[in-house]
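As a basis for the values below, the full set of heavy atoms in this structure was taken, side chains included, without hydrogen atoms, waters or symmetry mates.
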Amino acid sequence: MVRAAVLLAIAAVAQWIRLVLPLPAVASMLLIGTIVNLCLCLSLWTSNLKFTAVSCLLLPVFAWLQGHLFFWPLIPVIFIGNFVYCFSLKMAAGWKFALPPVLKAVVLWSGTGLTANLFHLPVQVKQVLMVYMAVPQWATAAIGLALALFLRRALQQRGILS
């Protein structure tokens, strides 16, 4: 539980960085999204799915409270995307590690489209949100996973993780 809480804190602070470090939007999204996904992976591997699910829920809530997520109905969509990412990662082994980032992007893309339709958002807004929730989310999930695999292996070799 403590490891999951520490990793949640790291991810929340990474999201907060947007408020104090003026980066271009794309750089900010790639950097922070990668850190968040890295923290979710490490949380899953060092604690359990239940504690990681708490992070999956709290991180979009924190993003909304910080003003990074302007449309609050996307909180459940992002939670489900994060949870599907973590759950599929728990079930994955070997080459199947390519699947969780794809599943996360598909859930976020389709969930955003459904939510936008449900709330009757203008077509242009819906399209922008759906693009934002597809390729960039896949990229940050894949990069975060790759970095987490590397970091986990390094920590295991040093005897810090079992």
Side-chain angles (χ1 to χ4, degrees), residues 1-69 72 74-112 132-162:
M1 178 171 72
V2 172
R3 288 180 180 163
V6 168
L7 289 162
L8 171 60
I10 291 168
V13 167
Q15 288 182 332
W16 177 79
I17 288 173
R18 287 182 183 120
L19 299 174
V20 295
L21 186 62
L23 291 172
V26 172
S28 173
M29 177 179 48
L30 288 175
L31 173 67
I32 293 164
T34 297
I35 293 169
V36 166
N37 285 297
L38 181 142
C39 288
L40 288 174
C41 293
L42 290 177
S43 176
L44 178 68
W45 294 332
T46 62
S47 63
N48 63 38
L49 185 59
K50 179 174 68 171
F51 294 132
T52 304
V54 172
S55 295
C56 290
L57 174 62
L58 290 178
L59 288 169
V61 171
F62 293 161
W64 179 71
L65 291 172
Q66 294 169 342
H68 307 307
L69 182 63
W72 71 264
L74 288 179
I75 291 172
V77 172
I78 296 169
F79 161 67
I80 293 168
N82 285 342
F83 184 78
V84 165
Y85 177 65
C86 293
F87 182 78
S88 61
L89 183 58
K90 182 171 178 58
M91 299 296 135
W95 64 271
K96 296 177 188 165
F97 279 134
L99 189 59
V102 171
L103 289 176
K104 179 176 183 172
V106 168
V107 167
L108 291 174
W109 178 79
S110 58
T112 299
Y132 178 78
M133 289 298 197
V135 176
Q137 296 300 325
W138 169 81
T140 60
I143 296 167
L145 174 56
L147 291 174
L149 286 166
F150 174 78
L151 186 57
R152 179 175 76 166
R153 179 174 292 158
L155 293 173
Q156 287 173 332
Q157 288 175 345
R158 288 166 180 74
I160 297 169
L161 288 179
S162 54

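Of all non-hydrogen atoms in Leu145 and Trp45, the two that sit nearest each other are CD1-CH2, 3.8 Å. When all heavy atoms are compared, the tightest approach of Ala98 to Val102 is O-CG2, 3.6 Å. Minimum interatomic distance between Pro60 and Ile78 (heavy atoms only, all atoms of both residues): CB-CG2, 3.7 Å. Taking every heavy atom of both residues into account, Ala141 and Tyr85 meet most closely at O-OH, 2.8 Å. In this structure, Leu42 and Leu7 approach most closely via the heavy-atom pair C-CD1, 3.5 Å. Considering all non-hydrogen atoms of both residues, Thr112 and Val77 come closest at N-CG1, 3.8 Å.
Taking a 6.0 Å sphere around CH2 of Trp109, one finds it holds 12 or fewer heavy atoms contributed by other residues, nucleotides or ligands. The number of heavy atoms from other shown groups lying within 6.0 Å of CE (Met1) does not exceed 12.
Put simply, CD1 on Ile75 and CG on Leu59 are 11.5 Å apart, with the number rounded to the nearest 0.5 Å. Annotation: the span from Phe83 atom CZ to Leu89 atom CG amounts to 12.0 Å, rounded to 0.5 Å. Atoms CG and CD1, from Leu57 and Ile80 in turn, are 10.5 Å apart once rounded to the nearest 0.5 Å. Going from atom CG of Asn82 over to atom CZ of Phe87 covers 15.0 Å, rounded to the nearest 0.5 Å. Atom OG1 in Thr46 sits 12.5 Å away from atom CD1 in Ile160 (nearest 0.5 Å).
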If you look only at distance, which donor and acceptor atoms sit under 3.5 Å apart when one is on a side chain in residues 21-41 and the other is two or more places apart or in another chain?
residue, atom, partner, partner atom, Å
Ser28, OG, Arg18, NE, 3.4
Thr34, OG1, Leu30, O, 2.6
Asn37, OD1, Lys104, NZ, 2.6
Asn37, ND2, Gly33, O, 2.8
Asn37, ND2, Thr140, OG1, 3.3

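Checking side-chain atoms of Ser47 against main-chain N and O of Leu44 turns up no donor-acceptor pair under 3.5 Å.
Taking Ser43 as the reference, Thr52 meet the side chain to side chain donor-acceptor pair (under 3.5 Å) condition, with sequence neighbours excluded.
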Are Leu19 and His68 close enough, and set up right, to give a side chain to side chain contact (heavy atoms under 4.5 Å, CB included), and what steps lead you there? CA-CA 9 Å; Leu19 299 174; His68 307 307; 3.7 Å; yes
